[in-house]
Number of protein chains: 2
Amino acid sequence: MAQARPMRADARRNYERLLQVAAEAFAEHGENASLERIARRAGVGAGTLYRHFPTRHALLEAAYVDRIEALGRRADELAQRLPPGEALTEWLHELCVATIQLRGMKALLGAAVADGGAAAATACGTAVQGAAGRLVAAARAQGAVRADLEPIELLRLAHGVATASELANRRGEEIRRYLTLLTEGLRP
Amino acid sequence: MAQARPMRADARRNYERLLQVAAEAFAEHGENASLERIARRAGVGAGTLYRHFPTRHALLEAAYVDRIEALGRRADELAQRLPPGEALTEWLHELCVATIQLRGMKALLGAAVADGGAAAATACGTAVQGAAGRLVAAARAQGAVRADLEPIELLRLAHGVATASELANRRGEEIRRYLTLLTEGLRP
DNA sequence: ACCTGAACACCGTTCAAGT
DNA sequence: ACCTGAACACCGTTCAAGT
């Protein structure tokens, strides 16, 4: 998405500053961090925040889109280094860690795999659904996962595993265990 | 928990009215429903709400504790009618449906299986952890589930499955599918 | 013993006035 | 073209005053 016209210098400065402060605020307080405080800490008026980011979700997405896209690239790195089944498992683990680590990330990743329509169009939705699609296709071709497994449902289940791990503690210590239970199933 | 002294008639009336309005409000708007509006709709001052329910969570728990305890009894009904493995699966399904159905329920059930310590002491924690404990023990004795499966982690994973299903839609149509994936595992 | 509702602090969001 | 900050509505929470 190339910027048609470059932003005015002061606007650009405010924009960057808002993103930086927002990333911290969302990481610490979650998706409901106070927007008014973000504006204040960034040294801009409330109106400036709303001009750059018309909705809370727009700010949240802008604040974390880099990390999400890095996760997308990470999928391909893992696909090169590891057999398809292991690459998938390892990527899911990193996805879950990211989900828990920054408090605001959970809402963002949730929205990125919600519902179907609108989510897939966002940058985060594209990155994460694309990555999962490639990893699942490769794993399926090798017979490492069941043939009827859809990438989108796997992403939702991974979000569920992250949620479950978060209920145990915020440190993510249970992620491996819960991911193993999901992969292997509950039967003996 | 027997009431040491019965409440004064007006207090009792306010208490009941608050619970009723709160149950509707939480069901519709989720756990963050406006407390001030609940008080207003119940026709009481804000102070009265806080007197009866010192925290938002206390009100949420009081509003839904009946339903949660019914779910606990339901576990034993199912255990009588069905083989242990099926009873467990069916109960998990009903638990997930309940989790999604009333918007406020998710936060309550989440808290009931969070973290260990404080949760187990609440009425909801006791009911739900007790039920899961009995069902898992029976299923384990029959070899229907893996021997190392802890009730608490199963409850957390079920909460994750409910979360995953909610990402697909609020109608719970995906619950069976996601529960099957969890039970059977992701491998072919 | 219990209730009311004003009071305070804080926040989301908009918009007239500025540069 | 962009910014500021006052203004409005709404909410959580407390507490003095009532009955």
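Reminder, nothing fancy here: chain letters follow the sequence lines and each chain counts from 1. This is a predicted model, so every value here is computed, not measured.
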| request: Report which part of the nucleic acid Arg51(A) touches: base, sugar-phosphate, or nothing (heavy-atom distance under 4.0 Å, all strands). | output: base
Check this for me, if you would: do [X] and [Y] make a salt bridge, where the nitrogen-to-carboxylate-oxygen distance has to be below 4.0 angstrom?
| X | Y | result |
| --- | --- | --- |
| Arg146(B) | Glu184(A) | yes |
| Glu24(B) | Arg41(B) | yes |
| Glu69(A) | Arg73(A) | no |
| Glu61(B) | Arg67(B) | no |

Return the set of residues passing salt bridge (Lys or Arg N to Asp or Glu O under 4.0 Å) with [X] (not counting sequence neighbours), or none when no residue passes.
| X | result |
| --- | --- |
| Glu150(A) | none |
| Arg37(A) | none |
| Asp76(A) | Arg134(A) |
| Arg13(B) | none |

| Could you give the start and end, 5' to 3', of the contact zone on DNA chain D for chain A, using atoms under 4.0 Å from its heavy atoms? | dA1(D) to dG5(D)
| remark: Sorted by chain and number, sequence neighbours left out, side-chain hydrogen bond (donor to acceptor under 3.5 Å, both in side chains) with Arg187(B) holds for none
| Among all residues two or more places apart in sequence or in another chain, which pass the side-chain hydrogen bond (donor to acceptor under 3.5 Å, both in side chains) test with Arg74(A)? | Glu77(A), Glu94(A)
| field | Residue mapping more 5' on DNA chain D - nearest nucleotide basis, Thr48(B) or Arg8(A) | value | Arg8(A)
| task | Could I get the full list of ring-ring contact (aromatic ring centres under 6.0 Å, His included) partners for Tyr50(A), not counting sequence neighbours? | result | none
| If pairs are Watson-Crick or G-U with both distances under 3.5 Å, what is the dot-bracket string of DNA chain D, marking crossing pairs with [ ] and pairs to another strand with |? | ||.|||||...|||||.||
Check: residues 101-113 of chain A side-chain donor-acceptor pairs under 3.5 Å, at least two apart:
{"from": "Arg103(A)", "atom 1": "NE", "to": "Glu28(A)", "atom 2": "O", "distance (Å)": "3.4"}
{"from": "Lys106(A)", "atom 1": "NZ", "to": "Glu166(A)", "atom 2": "OE1", "distance (Å)": "3.2"}

| request: Please report the C-alpha distance between Leu92(B) and Val161(B) in whole Å, then the side-chain angles of each, then the deciding distance to 0.1 Å, and finally whether the side chain to side chain contact (heavy atoms under 4.5 Å, CB included) criterion is met. | output: CA-CA 10 Å; Leu92(B) 289 176; Val161(B) 164; over 6 Å; no
| Positions of residues 24-32 of chain A (non-hydrogen atom under 4.0 Å from DNA chain D), listed by number | none
| request: May I ask you to list the residues of residues 35-47 of chain B, by number, that have any heavy atom positioned under 4.0 Å from an atom of DNA chain C? | output: Gly43(B), Val44(B), Gly45(B), Ala46(B), Gly47(B)
